[in-house]
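What follows is one structure encoded as structure tokens, with my remarks underneath.
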Amino acid sequence: MQQPKRIALVAHDNKKPEILEWANAHKDFLARHELYATGSTGTMIEKNLGLRVIKFNSGPVGGDLQIGAKIAEGGIDLLIFFWDPLEPQPHDPDVKALLRIAVVWNIPSACNRSTADYIVTSPLMTG
């Protein structure tokens, strides 16, 4: 039997509707895995989709860094981070740190819906 993956979900404010739509399209897949998220993204997914989500702080108050720490501890297998490249973020250094740590630890990362779709439908997800 396949081990559940530990999936982190993060979205900037302007991308929250998009990640919710994406998560709804992949709800059955996500329900078989352990989900982590920053505060407001996790709350939104739990409330709207009924999925269980382990929530960290909101991104601007340390949630991105908490997920980065979880990656460094070996506790995240996949990062889905719909970040907004067109909107300045007050916590931009934290955003860059999260993306950097995902690369350092070789964690598959999707920063948009197309990439997220490719990753979750890959045969490698079941291995």
Side-chain angles (χ1 to χ4, degrees):
M1 182 173 181
Q2 155 193 339
Q3 283 278 40
K5 303 288 191 241
R6 297 159 301 177
I7 302 171
L9 302 166
V10 183
H12 286 152
D13 288 345
N14 290 342
K15 298 292 184 172
K16 287 194 189 328
E18 187 176 350
I19 203 166
L20 181 61
E21 182 180 296
W22 177 85
N24 188 46
H26 296 283
K27 183 178 177 180
D28 291 339
F29 167 82
L30 292 172
R32 297 190 307 266
H33 299 281
E34 194 171 293
L35 305 179
Y36 295 82
T38 49
S40 53
T41 300
T43 299
M44 177 189 69
I45 289 171
E46 272 188 337
K47 180 181 175 188
N48 289 285
L49 302 181
L51 295 171
R52 182 178 176 278
V53 180
I54 299 163
K55 294 179 292 300
F56 293 104
N57 290 333
S58 180
V61 295
D64 295 333
L65 294 176
Q66 288 176 302
I67 289 179
K70 191 81 173 164
I71 289 171
E73 294 168 354
I76 298 292
D77 301 307
L78 170 62
L79 173 64
I80 306 292
F81 185 1
F82 287 10
W83 62 282
D84 188 349
L86 301 178
E87 189 71 30
Q89 301 296 325
H91 63 296
D92 192 56
D94 297 351
V95 171
K96 288 182 178 150
L98 174 55
L99 294 170
R100 179 185 171 281
I101 203 74
V103 170
V104 167
W105 284 90
N106 199 31
I107 300 299
S109 305
C111 295
N112 59 46
R113 186 174 184 149
S114 295
T115 307
D117 287 340
Y118 271 96
I119 290 172
V120 302
T121 59
S122 167
L124 297 173
M125 282 301 295
T126 58

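- At least one side-chain heavy atom of His12 sits under 4.5 Å from a side-chain heavy atom of Phe81.
- Inter-residue side-chain proximity for Asp77 and His33 is flagged as unmet; no heavy-atom pair is nearer than 4.5 Å.
- Proximity of Phe82 to Arg113: side-chain heavy atoms (C-beta onward) are separated by under 4.5 Å at one or more points.
- Closest non-hydrogen pair, Ala8 versus Ile67, comes out as CB-CG2, 3.8 Å.
- Ring-plane geometry between His26 and Phe29 is classed as perpendicular, the angle between the planes exceeding 60 degrees on a 0 to 90 degree scale with a lower cut at 30.
- Tyr36 and Leu49 fall into different hydrophobic clusters, where Ile, Leu, Val, Met, Phe, Trp and Tyr residues are linked whenever their side-chain heavy atoms come under 4.5 Å apart, directly or through other members.
- In this structure, Lys16 and Thr41 have side chains that are in contact, with non-hydrogen atoms separated by less than 4.5 Å.
- A 4.5 Å side-chain heavy-atom check between Lys55 and Glu46 finds at least one atom pair inside the cut-off.
- Using a 4.5 Å cut-off on side-chain heavy atoms (C-beta onward), Leu124 and Pro108 make no contact.
- A donor-acceptor contact shorter than 3.5 Å links the side chain of Gln66 to the backbone of Asn57.
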**Request:** List the steps and the verdict of side chain to side chain contact (heavy atoms under 4.5 Å, CB included) for Ile119 and Thr115.
**Result:** CA-CA 6 Å; Ile119 290 172; Thr115 307; 4.0 Å; yes
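- Cluster annotation: Ile107 and Leu65 are assigned to distinct hydrophobic clusters (Ile/Leu/Val/Met/Phe/Trp/Tyr, side-chain heavy-atom contacts under 4.5 Å, transitive).
- Cluster annotation: Leu78 is connected to Leu51 through the hydrophobic network of ILVMFWY side chains, with a link wherever side-chain heavy atoms come within less than 4.5 Å.
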**Prompt:** Please walk me through it: do Leu79 and Leu98 pass side chain to side chain contact (heavy atoms under 4.5 Å, CB included)?
**Reply:** CA-CA 10 Å; Leu79 173 64; Leu98 174 55; 4.2 Å; yes
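- Side-chain contact check for Asp84 versus Asp13: every heavy-atom pair is 4.5 Å or farther apart.
- One distance of note links CZ of Arg32 with NZ of Lys5; it measures 11.0 Å at 0.5 Å rounding.
- The hydrophobic cluster containing Val95 does not contain Ile80, counting ILVMFWY residues as joined when their side-chain heavy atoms lie under 4.5 angstrom apart, directly or transitively.
- Atom CD1 of Ile54 is separated from atom CG of Leu9 by 11.5 Å, given to the nearest 0.5 angstrom.
- Within the 4.5 Å cutoff, side-chain heavy atoms of Trp22 are placed close to those of Asp117.
- The CE atom of Met44 lies 9.0 Å from the OG1 atom of Thr38; values are rounded to the nearest 0.5 Å.
- Rounding to the nearest 0.5 Å gives a distance of 5.0 Å between CG of Asn48 and CG of Leu20.
- Nearest heavy atoms, Val53 versus Gly42: CG1-CA, 3.8 Å.
- In the hydrophobic clustering of ILVMFWY residues, with side-chain heavy atoms under 4.5 Å counting as a link, Tyr118 and Met125 come out apart.
- Between Lys70 atom NZ and Trp105 atom CH2 the span is 13.5 Å, to the nearest 0.5 Å.
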